[in-house]
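Basis for what follows: all heavy atoms, side chains included, without hydrogens, waters or symmetry-related copies.
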Amino acid sequence: MGKRVAVVLAGCGVFDGSEIHEASAALVHLSRAGAEVKIFAPNIEQRDVVDHLKRSPAEEKRNVLVESARLARGNIQDLAELKAAEFDAVIFPGGFGVAKNLCSWAVDGKNCTVNEHVSSTLQAFHSAKKPIGLCCISPVLAAKVFPGCEVTVGQDKNVDGRFPDAETASAITELGCKHICKNVNESHVDKGNKIVTTCAFMCKAPLHEIFDGIGTMVQEVLKLA
């Protein structure tokens, strides 16, 4: 029987929700590995809505759970209903929605607050010694909730212009965590905390390299499960 994995989304669309390619990559790799997947999202209003064509704010309101249902093909549950006891692992794709809706990192940086259901979900899996997979900006959730943990968001310097958000690594260090430099096709495993991270679109890389990197994260999560 395949591993039971919860996937937590933050909306639909890179600038105000979950990064669609990252979510899809995680789901494809989980499917290929024979995992049994259920998808969740918090039933809250988005911090903002972005017109992805103009890359500018839109004057409307949207709900994170309703928008995430687009990615889940309608098969989704309120994050408040997630019970860690029913799963072997949990995975959080990235996207600005993580930094806007799942926590306030986009506004407050290392001084951010984490949504109560996101925090309780992370703590429940961690307490049960079940693995947590995070990609792109999502590792900041672990850095905020688990001081002292090890994560990667890629490189801590903007190498060849490929890592424009390298300062995130410094903020993670300031939170008392250890940032591990990794390339886009790699992931890092914090064995003590069972946290697996990969940088995904924190790196300017071809889509297939991001897909492969997320694949390594999924594989390591399933190994730990």
Going by salt bridge (Lys or Arg N to Asp or Glu O under 4.0 Å), name the residues that satisfy it together with D88, two or more places apart in sequence or in a different chain. R4

CG of D156 to OG1 of T173, rounded to nearest 0.5 Å, is 7.5 Å

What one should report as the nearest heavy-atom pair of G154 and C199 is N-CB, 3.3 Å

V49 and E60 have their tightest heavy-atom pair at CG2-O, 3.4 Å

Point-to-point distance, once rounded to the nearest 0.5 Å, from NZ of K194 to NZ of K191: 12.0 Å

4.5 Å side-chain heavy-atom contact, I195 and L134: yes

If you apply the rule side-chain contact (heavy atoms from CB on, under 4.5 Å), what do you find for E45 with R62, and how did you get there? CA-CA 6 Å; E45 187 177 298; R62 296 191 184 187; over 6 Å; no

Spacing of Q155 atom CD and I180 atom CD1 [to the nearest 0.5 Å]: 11.0 Å

Treating Ile, Leu, Val, Met, Phe, Trp and Tyr as nodes and any side-chain heavy-atom pair under 4.5 angstrom as an edge, say whether L79 and I76 lie in one connected cluster. no

Run V145 and V114 through side-chain contact (heavy atoms from CB on, under 4.5 Å) and show every step you take. CA-CA 8 Å; V145 176; V114 179; 4.2 Å; yes

Is a donor on one side and an acceptor on the other found under 3.5 Å between the side chain of S68 and the backbone of V64? yes

Using modelled atom types only, decide if a donor and an acceptor are shared between the side chain of D51 and the backbone of L53 within a distance under 3.5 Å. yes

Please check: side-chain N/O of T121 versus main-chain N/O of H117, any donor-acceptor pairing under 3.5 Å? yes

Between G95 and C136, the two heavy atoms sitting closest are N-SG, 4.2 Å

Would you list the atom pairs, donor with acceptor, under 3.5 Å between side chains in residues 6-22 and any protein atom, with sequence neighbours excluded?
residue: D16; atom: OD2; partner: V50; partner atom: N; Å: 2.8
residue: S18; atom: OG; partner: A10; partner atom: N; Å: 2.7
residue: E19; atom: OE1; partner: H21; partner atom: N; Å: 2.7
residue: E19; atom: OE1; partner: E22; partner atom: N; Å: 2.9
residue: E22; atom: OE1; partner: G94; partner atom: N; Å: 2.8
residue: E22; atom: OE2; partner: F201; partner atom: N; Å: 3.3

Return the CZ to CD distance between F146 and Q123, rounded to the nearest 0.5 Å. 6.0 Å

Determine whether F40 and D78 make a side-chain contact, defined as any pair of heavy atoms from C-beta on separated by less than 4.5 Å. no

Ignoring hydrogens and geometry, is there a side-chain-to-backbone donor-acceptor pair from S127 to A124 under 3.5 Å? no

With the 4.5 Å side-chain cut-off for hydrophobic clustering, are V151 and V196 part of the same group? no

Any L27 side-chain heavy atom under 4.5 Å of S31 side chain: no

Residues passing the salt bridge (Lys or Arg N to Asp or Glu O under 4.0 Å) test with R70, sequence neighbours excluded, are E67

Sequence neighbours left out, what pairs pass salt bridge (Lys or Arg N to Asp or Glu O under 4.0 Å) with at least one residue falling in residues 89-117? D48-K100, K110-E174

For I137 and A99, work out which heavy atoms get closest and say how close. CG1-CB, 4.4 Å

For residues 129-154, which residue pairs qualify under side chain to side chain donor-acceptor pair (under 3.5 Å), counting only residues two or more places apart or in two chains? E150-H188

Close side-chain approach of F125 and L82, heavy atoms under 4.5 Å: yes

Hphob cluster co-occupancy, I132 + F87, side-chain heavy atoms under 4.5 angstrom: yes

Electrostatic pair E81:K83 at N-O distance under 4.0 angstrom: no

Contact summary for A143 and C177, nearest pair of heavy atoms: O-SG, 3.4 Å

Is there a side chain to side chain donor-acceptor pair (under 3.5 Å) between N63 and N43? Walk through the geometry before answering. CA-CA 7 Å; N63 177 280; N43 186 9; 2.9 Å; yes

Taking C-beta and beyond as the side chain, do V153 and I172 meet within less than 4.5 Å on heavy atoms? yes

Should V98 and W105 count as side-chain neighbours, where that means a heavy-atom distance under 4.5 Å? no

Enumerate, atom names and distances included, each donor-acceptor pair closer than 3.5 Å involving a side-chain atom of residues 208-225, sequence neighbours excluded.
residue: T216; atom: OG1; partner: S187; partner atom: OG; Å: 3.1
residue: T216; atom: OG1; partner: G213; partner atom: O; Å: 2.6

Under a 4.5 Å side-chain heavy-atom rule over Ile, Leu, Val, Met, Phe, Trp and Tyr, are L30 and I39 clustered together? yes

So do L141 and F92 actually touch side chain to side chain, heavy atoms under 4.5 Å? yes

Please say whether more than 12 non-hydrogen atoms of neighbouring residues, nucleotides or ligands are located less than 6.0 Å from CZ in F96. no

Donor-acceptor check, side chain of N158 to backbone of F163, threshold 3.5 angstrom: yes or no? yes

Verify, without hydrogens or angle tests, whether N183 (side chain) and E186 (backbone) share a donor-acceptor contact under 3.5 angstrom. no

N101 side-chain N/O to R47 backbone N/O, donor-acceptor pair under 3.5 Å: yes

Using atom types as modelled and distance alone, determine if a side-chain donor or acceptor of S104 lies under 3.5 Å from a backbone N or O of C112. no

